[in-house]
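Comments concern the structure below.
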Amino acid sequence: MGKRILLFFLFVFTSNTFAQSDPWQIIVDAHQACRNLNYQGVFQAEHLKEIRSLEIIHARHGEQEYTRINTLDGAPSEMLSLGDATFVYGTNKNNVVIEKRDQHRLFPSVLPNSTTNLRKVYQIDFGKNDRVAGRAAKVVILMPNDDFRYFYHFWLDQETSIPLKMIVSDHANQLIEQTSFTKVNVNQKKDLSWFKPDIDLSKEYVMHEQEDLSSSAPRFWKMDNIPNGFKEISFRVTRISGPNVLNHHLIYSDGLAYLSLFIQPVRKGQKPKEGSASMGNTNISARYIKGHQIMAVGSVPKKTVESFVNSISF
Amino acid sequence: MKDKISSLFDNEFTDSELDSLLSDVTKNKSHQTNWSYYQITRDVLQGNYVTSSPMTAKIMQAIEKEPTQMGGFVQNSATTLRAEFNYLPHVFAFSVLILIAAMLFNSPINSNSVNSVLLVQDEIPAEMMQAHFAHTATNASYFVQTGFSNIK
């Protein structure tokens, strides 16, 4: 009897220890922190070859999540999101352009709420402690199991788990993308007076919103042998007004990396494109199949976009 | 009048000329019908058939606000039929021809024999880059861009 009790306590102790020492839990903690805490700060992000500063304010008020991000450099533009409703306000010479977006996955809120898929395609490792924006940070590295995705390095705030810095690098350890807070403040501020667009009221508003026709659009293609871990997370069909054709836009993700696949009819007089190219840290691969232009776009290795355009058949 | 309506849809009118034309259109039912056909033809040619432009809405609103002029038109089947019979087939045939031409011009090609060209950076479609960033970006600097012209 005594041995059974001892085994029971040993089992309970080891189970709890295992649960608490699950290294992937830190990813979920970071996701929750980004969604539930109030914070504001300034971070820098690459834009092609330039570095731009942006300001973020995030608040959890009751059940709702409020976020505002605005550019501090270049042309004024900003994003306001309330739950899943996201609007981007851009300013050009004559107008304020407003676009509705489905949602956003913007830094620092880049980590998924579930690690199930990440565990299949990445390994997790920890670096030495560091400091970012004056705050103590622990370094977490997600290393890909294959060469269809990049390495992700996160500097997570030791106190709150909010990502303070993110670096994406390739297999040759070359920098692909870097985003980092220069100043951040975590607080319990309840005021929401900041949640409004700061735009030029003298300019005319132009609303850009494309109707999604995906519910009535048939899928006339099939995908075989796409890279492991990537799953379709979105499908949109929109009408391109000029040539009056339908554009099919599929989005795939492994939880960290995102890739768009476009399927569009080629019109008479238009020469379809084939091959691969890159723009900044984004790779693009194009293929022509039976009257359709296929194009994959993503901040993923060239091999991945090429694999996607070669996975499609009619 | 048909020329004037056509010019309007080609954006060749000034605001004062537009007001004058609106006044004329609202007084005459045949002009209103012509207006509709030109509107459809223009929309098909420009690929905007599913939407209505603010100008069209303004015009239709103006027409709806003119009950006096509309009341002056005798509403019986004989007049209506005679009035439509004079021009409708011609306008309809013209519209169908333009519609067919537009469809042929825009129709997708369905063949593998087309010569493709190598994708180069300068010819990456801006609208695809914009759509990609708008729905997937983790980098806020790309996400907050609006309009295709912002993609270099």
Side-chain angles (χ1 to χ4, degrees), chain A residues 45-48 52 54 56 69-71 77-79 88-90 92 97 99 101-102 104-107 110 177 179 208 234 236 239-245 249 251 253 258-260 262 265-268 271-279 282 284-286 288-292 295 297-298, chain B residues 40-54 98-152:
Chain A
E46 281 193 28
H47 187 95
L48 298 177
R52 291 192 178 174
L54 299 104
I56 181 171
I69 296 178
N70 59 298
T71 57
S77 52
E78 59 189 306
M79 179 216 78
V88 172
Y89 301 78
N92 61 29
V97 182
E99 287 185 5
R101 306 279 172 82
D102 292 341
H104 76 85
R105 307 175 175 90
L106 301 174
F107 179 86
V110 291
E177 187 179 334
T179 310
H208 273 189
S234 169
R236 285 172 57 82
R239 189 180 298 279
I240 301 173
S241 58
N244 200 18
V245 295
H249 181 187
I251 299 174
S253 177
Y258 294 90
L259 180 143
S260 289
F262 296 96
V266 176
R267 300 175 300 282
K268 279 189 175 168
K271 287 196 171 178
K273 296 173 176 61
E274 294 200 288
S276 299
S278 63
M279 181 183 282
T282 305
I284 302 104
S285 186
Y288 172 69
I289 316 173
K290 293 183 179 173
H292 287 79
M295 207 167 277
V297 181
Chain B
I40 292 167
T41 308
R42 188 277 316 259
D43 284 348
V44 169
L45 281 171
Q46 295 183 354
N48 296 326
Y49 188 64
V50 292
T51 60
S52 60
S53 66
I98 290 191
L99 181 64
I100 291 169
M103 287 173 70
L104 283 172
F105 181 75
N106 285 322
S107 63
I109 48 178
N110 191 19
S111 148
N112 275 327
S113 62
V114 175
N115 291 328
S116 58
V117 294
L118 194 65
L119 178 70
V120 292
Q121 187 182 338
D122 290 345
E123 293 180 1
I124 294 169
E127 70 276 14
M128 286 187 185
M129 296 297 285
Q130 172 73 11
H132 171 68
F133 289 135
H135 293 96
T136 69
T138 55
N139 181 330
S141 184
Y142 290 112
F143 187 82
V144 297
Q145 300 291 310
T146 54
F148 302 154
S149 59
N150 290 313
I151 304 295
K152 294 171 188 173

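Remember, predicted model here, so these are calculated numbers, not experimental data. Letters go in sequence order (proteins before strands), and every chain restarts at 1.
Here the NE2-NE2 distance, from B:H135 to A:H249, works out to 6.5 Å after rounding to the nearest 0.5 Å. Atoms CD1 and CE, from A:I284 and B:M128 in turn, are 11.0 Å apart once rounded to the nearest 0.5 Å. Put simply, OG1 on B:T138 and CD on A:E177 are 4.5 Å apart, with the number rounded to the nearest 0.5 Å. With rounding to the nearest 0.5 Å, the separation of CD in B:E123 from NZ in A:K271 is 10.5 Å. Atom NE2 of B:H132 and atom CG of A:L259 lie 7.0 Å apart (nearest 0.5 Å). With values rounded to the nearest 0.5 angstrom, A:I240 atom CD1 is found 6.0 Å from B:E127 atom CD.
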inquiry  = For B:F143 and A:I69: C-alpha separation, side-chain torsions, deciding distance, then whether side chain to side chain contact (heavy atoms under 4.5 Å, CB included) applies.
reply    = CA-CA 10 Å; B:F143 187 82; A:I69 296 178; over 6 Å; no
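Taking each heavy atom of A:S260 and B:T136 in turn, the nearest pair found is OG-CG2, 3.9 Å. Heavy atoms only, all atoms of each residue included: B:P125 and A:M295 are closest at CD-SD, 3.7 Å. Closest heavy-atom contact between A:A286 and B:L119: CB-CD2, 4.1 Å.
Residue contact with chain B, scored on non-hydrogen atoms closer than 4.5 Å, is absent for A:S253. If you measure heavy-atom distances from A:S234 to chain B, you find no contacts under 4.5 Å at all. For chain B, the nearby part of A:E78 is the backbone; its heavy atoms alone come within less than 4.5 Å. Proximity to chain A (any heavy atom under 4.5 Å) is shown, for B:V117, by both the backbone and the side chain. In this structure, chain A has a heavy atom under 4.5 Å from the side chain of B:I124, while its backbone stays farther away. Heavy-atom distances place the side chain of A:F262, and not its backbone, under 4.5 Å from chain B.
Counting heavy-atom pairs closer than 4.5 Å to chain A, the top residue among B:V120, B:L118, B:N139 is B:N139.
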